[in-house]
Each structure stands twice: as C-alpha cells, then as structure tokens.
2 protein chains.
Amino acid sequence: MPRGGKRAGAGRPKGTGKYAEPTKAIRVPVSMVDKILEYAHSGGFQLPLYGGKVAAGCPAPTDDYIEGMMDLSEHLVHDPATTFFVRVTGYSMLNAGIHPDDILVVDRGLEARHGKIVIAAVDGELTVKRLYKKDNLVRLMPENDDFEPIDIAPQETLHIWGVVTNVIHAL
Amino acid sequence: MPRGGKRAGAGRPKGTGKYAEPTKAIRVPVSMVDKILEYAHSGGFQLPLYGGKVAAGCPAPTDDYIEGMMDLSEHLVHDPATTFFVRVTGYSMLNAGIHPDDILVVDRGLEARHGKIVIAAVDGELTVKRLYKKDNLVRLMPENDDFEPIDIAPQETLHIWGVVTNVIHAL
DNA sequence: TAAATAGAATAATGTACTTTTATCAATATG
DNA sequence: CATATTGATAAAAGTACATTATTCTATTTA
C-alpha cells in the first residue's frame with residue numbers, strides 16, 4: 001500500500017550535495033581533473049584575510065574578524081599571460097627588502113619607468129635593480145652600499161624583462 | 001556522388017581542442033564555473049619561474065631558461081585548512097623585513113617554537129612578533145629598536161594564532 | 001500510542017549520447 | 001594540371017537522461 005506521497009517538504013532538500021549549491025557539468029582536461037576537483041572543493045584557494053583588530057584574548061581565528069577572503073594567485077597575478085616569477089640571487093637589493101632566494105612576481109606588461117624595480121638581463125645573468133632613467137642616462141641602481149650602479153651606455157640596449165610588483169620572502 | 005570516404009587520416013585530428021588533450025565532463029558548483037574554466041585554461045595558474053642564468057643580451061623570457069612552473073597558492077599554502085593571511089599594521093618587525101600593509105602567510109598547524117615569528121592576539125590586536133620562549137619566560141620580541149618586548153606573565157595565557165611562513169611585500 | 005519501516009518525492013551526480021567542429025581526400029571545376 | 005568544393009570521418013564539446021542519494025511521512029507494528 002502506498003506510503004509517503006505528494007506533499008510539501010518531501011524529497012531530498014536543496015543544498016545537501018557536496019557543494020551545498022547547484023552544480024553544472026563542464027569539460028576539463030583529463031590531466032587536470034584531480035587538481036580542478038581539489039580547487040573546486042577548497043573554494044578556489046580562497047583563504048581568510050585578517051586585519052588588525054580582534055577581541056582581546058581571542059584564542060583563535062574566527063569569522064568575526066575576517067577582512068575578506070583572498071586567493072593569492074588572483075591577488076598577485078593581474079595578467080597570467082605577462083606574469084612570471086624570478087628567484088633572487090645576490091644581495092644587491094637588500095635595502096629594498098629583496099633577499100637571496102626570495103621569489104619576485106614580475107609583470108612584463110608594465111612600463112619600465114624611472115624609479116621602478118625591474119628585472120634585466122645583463123651579461124648572461126638576470127639582475128634585479130631599480131631603474132634610473134633621466135636626462136638620457138640609463139642606470140641600474142642597486143640598493144646596497146656594497147654594490148655599484150651599472151651604467152648603460154647610450155649605444156647599448158638594456159634588455160628589461162619586466163617590472164617587479166611583489167616580493168615573496170620565506171621566513 | 002560520394003567524396004571523402006573511409007581512409008587513414010580522415011576525421012578531426014586528436015589534440016585540436018581547446019586543451020590539446022582529451023577532456024572529461026565533471027560537475028562543479030555553478031558559482032565557480034567561470035573561475036574554474038579560467039583556472040583550467042591557464043593551466044592551473046602555473047607560471048614560469050626563472051633562475052639566475054640566461055644568455056647574454058637575452059631580450060625576453062624564453063622557455064630555455066625556465067627553472068620550472070610554479071603555482072603560488074600551491075607553493076605558499078601547504079594546508080588550506082590551517083592557513084590564513086594577515087595584513088600587517090605597524091613597524092615593529094621592520095628589521096625582519098615585515099612592513100605595514102604586507103600580507104603574511106600564516107599556518108596555525110605549525111608548532112609555535114622559540115625563535116619563530118608568530119601571530120598573537122594581544123589586547124584586542126593582532127601582533128606579529130618573534131616568539132621568545134626559554135627558561136619559563138615567554139616574550140614577544142619586536143625587531144625594531146623603537147619598540148619594547150612584550151612580557152607574558154606566567155599566569156597569563158598567550159593566544160598564538162599561528163606561525164608566519166612567508167611575507168608578501170608589494171613594491 | 002510510540003517507534004520502526006517502507007514508499008514516494010526530489011535534488012545531486014555521473015555518464016552516455018547528441019551536436020558541433022575540424023580535417024582530409026575524392027571529385028569537380030577552370 | 002592546379003585549385004576549389006564537397007562529403008565522409010572522427011574528435012571535441014555540451015547537454016540530457018538515467019542513476020544514486022537523501023529526506024519526509026503515511027502506514028505498520030509492538
């Protein structure tokens with residue numbers, strides 16, 4: 001004999017799936033399936049960003065004081081097509097807070113203007129320096145007194161790879 | 001009259017799709033469809049990482065000198081469940097290369113040992129300090145001579161949110 | 001009368017199938 | 001004979017459908 005039947009509230013409720021929201025079938029490369037599922041499940045690598053204020057003696061991170069959610073790649077990489085990373089070697093930019101083994105976020109889509117910190121190819125090496133570009137004078141300025149500026153003669157061409165936007169330093 | 005016909009090489013060739021490889025249909029939350037498609041299309045936010053050496057006068061980034069491909073989130077976030085970000089306020093850790101408005105990557109899954117830089121909740125504020133923890137003495141040490149260490153009395157409990165693993169500094 | 005159970009309803013999920021797209025070679029054309 | 005056209009073919013892409021999972025309540029049972 002029939003039980004249940006048509007009535008309000010019957011059936012599986014909405015939002016009881018893995019993602020607590022409607023889903024859609026999309027096609028992705030086989031090699032990335034696992035990574036994408038992880039990405040989807042973790043909410044796109046969005047992690048909480050906290051500001052300065054919390055309740056006195058607040059023992060652990062709570063939603064109450066979240067400034068927002070943030071994805072690092074999204075935050076640091078404006079245009080994936082023009083962005084790349086460079087591992088720092090040397091101490092020439094120490095006073096700019098750039099240490100050996102730091103990772104620099106570099107955008108070659110930005111204009112290399114006077115005063116910007118840039119990545120340049122000089123003598124088979126990548127160097128980080130502050131660009132000096134005034135009165136037809138082009139110089140790569142270190143920010144460490146132990147190093148000398150590199151003058152670029154007018155006939156030489158300076159190969160600038162891009163402008164440094166961020167420094168990532170491990171502790 | 002029939003043209004074409006059954007023959008070797010007929011049909012759409014493999015690898016002529018968007019991803020140049022076979023795809024699979026998977027289900028993802030509707031709200032993330034766009035982000036995931038972007039993620040899939042950009043190869044998972046993997047961007048080139050360059051080391052120090054390139055050919056002299058190499059005018060632009062080339063594959064020849066890539067050290068590898070890197071995803072920032074993957075590289076900086078070991079465990080999404082225990083990681084969060086904190087925006088820096090104040091100058092108390094300047095000598096450790098931590099400036100105002102920098103973003104710190106913090107892992108609360110790591111043990112807060114002596115000598116580590118930690119995030120602690122003190123008097124309703126989040127502070128970054130180096131943890132001093134020896135001989136039953138607990139102190140939060142600034143790295144800037146203009147600031148004083150914060151002593152934690154034995155009866156007080158210090159609320160440590162996590163250990164700072166990376167500093168992200170915008171230029 | 002209270003607890004257990006089976007049936008129905010409906011969302012969620014995964015995959016099979018249909019539609020679209022790209023390429024090749026046989027044929028037609030100039 | 002060189003070039004353009006056409007239809008067959010097969011991969012790629014998107015979607016519909018069948019399956020699975022979950023919840024609710026009417027009925028049964030103790």
Side-chain angles (χ1 to χ4, degrees), chain A residues 1-49 61-63 66 68-84 109, chain B residues 1-49 61-63 66 68-74 77-84 109:
Chain A
M1 217 170 190
R3 308 180 186 196
K6 186 163 192 171
R7 79 206 88 97
R12 181 174 182 169
K14 281 188 186 179
T16 56
K18 253 188 286 193
Y19 300 108
E21 71 166 291
T23 60
K24 183 172 164 28
I26 60 172
R27 224 161 239 289
V28 297
V30 167
S31 67
M32 295 187 65
V33 167
D34 290 347
K35 280 190 67 175
I36 287 170
L37 288 177
E38 193 192 327
Y39 181 75
H41 211 264
S42 73
F45 300 147
Q46 299 266 337
L47 295 177
L49 168 66
T62 50
D63 289 357
I66 287 180
M69 298 297 276
M70 195 177 75
D71 174 313
L72 270 185
S73 296
E74 218 171 86
H75 185 254
L76 297 178
V77 180
H78 266 94
D79 183 357
T82 61
T83 303
F84 58 93
Chain B
M1 214 174 191
R3 308 179 185 195
K6 184 160 193 172
R7 80 207 88 96
R12 182 176 182 169
K14 280 189 185 178
T16 55
K18 254 189 283 191
Y19 301 107
E21 71 167 289
T23 60
K24 182 173 164 28
I26 60 171
R27 224 160 239 291
V28 297
V30 166
S31 67
M32 295 187 66
V33 167
D34 290 348
K35 280 190 66 176
I36 287 170
L37 288 177
E38 193 192 328
Y39 181 76
H41 211 265
S42 73
F45 300 148
Q46 299 265 336
L47 296 177
L49 168 66
T62 50
D63 288 356
I66 286 180
M69 299 295 277
M70 196 178 74
D71 174 312
L72 269 186
S73 296
E74 220 171 86
V77 180
H78 264 94
D79 183 358
T82 61
T83 303
F84 58 93

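The model shown is predicted, which means the values in this text are computed figures rather than measured ones. The chains referred to below are lettered A, B, ... by the order of the sequence lines, with proteins before strands, and numbering in each begins at 1.
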Name the closest nucleotide to the [X] side chain, picking from [options].
{"X": "P13(B)", "options": "dA11(D), dA16(C), dT23(C)", "result": "dT23(C)"}
{"X": "R12(A)", "options": "dT10(C), dC17(D), dT21(C)", "result": "dT10(C)"}
{"X": "T16(A)", "options": "dA16(D), dA12(D), dA12(C)", "result": "dA12(C)"}
{"X": "K14(B)", "options": "dA12(C), dA16(D), dA12(D)", "result": "dA12(D)"}

Rounded to the Å, how far apart are [X] [atom1] and [N] [atom2]?
{"X": "I36(B)", "N": "dA13(D)", "atom1": "CD1", "atom2": "P", "result": "17 Å"}
{"X": "I26(A)", "N": "dA12(D)", "atom1": "CD1", "atom2": "P", "result": "17 Å"}
{"X": "E21(B)", "N": "dA12(D)", "atom1": "CD", "atom2": "P", "result": "10 Å"}

Worksheet item: Are the side chains of M32(A) and Y39(B) in touch, meaning some heavy atoms are under 4.5 Å apart?
Response: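 Yes, close enough: below the 4.5 Å cut-off.
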Worksheet item: Is there side-chain contact between E74(A) and K35(B), with heavy atoms separated by less than 4.5 Å?
Response: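 Heavy-atom side-chain distance check passes, below 4.5 Å.
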Discussion item. If you compare every side-chain N and O of K18(B) against the phosphate oxygens of dT21(C) (OP1, OP2), does one of them come in below 4.0 Å?
Written reply: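 Answer is no, no contact under 4.0 Å.
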Worksheet item: If you measure from NZ on K24(A) to OG on S31(B), what distance do you get to the nearest 0.5 Å?
Response: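 Interatomic distance, K24(A) NZ to S31(B) OG, rounded to 0.5 Å: 13.0 Å.
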Discussion item. Quick check on DNA chain C: between G17(A) and R27(A), whose nearest nucleotide comes earlier from the 5' end?
Written reply: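 Closest to the 5' end, via its nearest nucleotide, is G17(A).
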Practice prompt. Look at atom CD of E21(A) and say whether more than 12 heavy atoms of other residues, nucleotides or ligands are closer to it than 6.0 Å.
Written response: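 Check passes, neighbour count above 12.
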Worksheet item: Considering heavy-atom distances to DNA chain D, does K24(A) or G15(B) have its closest nucleotide positioned more toward the 5' end?
Response: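 The residue whose closest nucleotide sits nearer the 5' end is G15(B).
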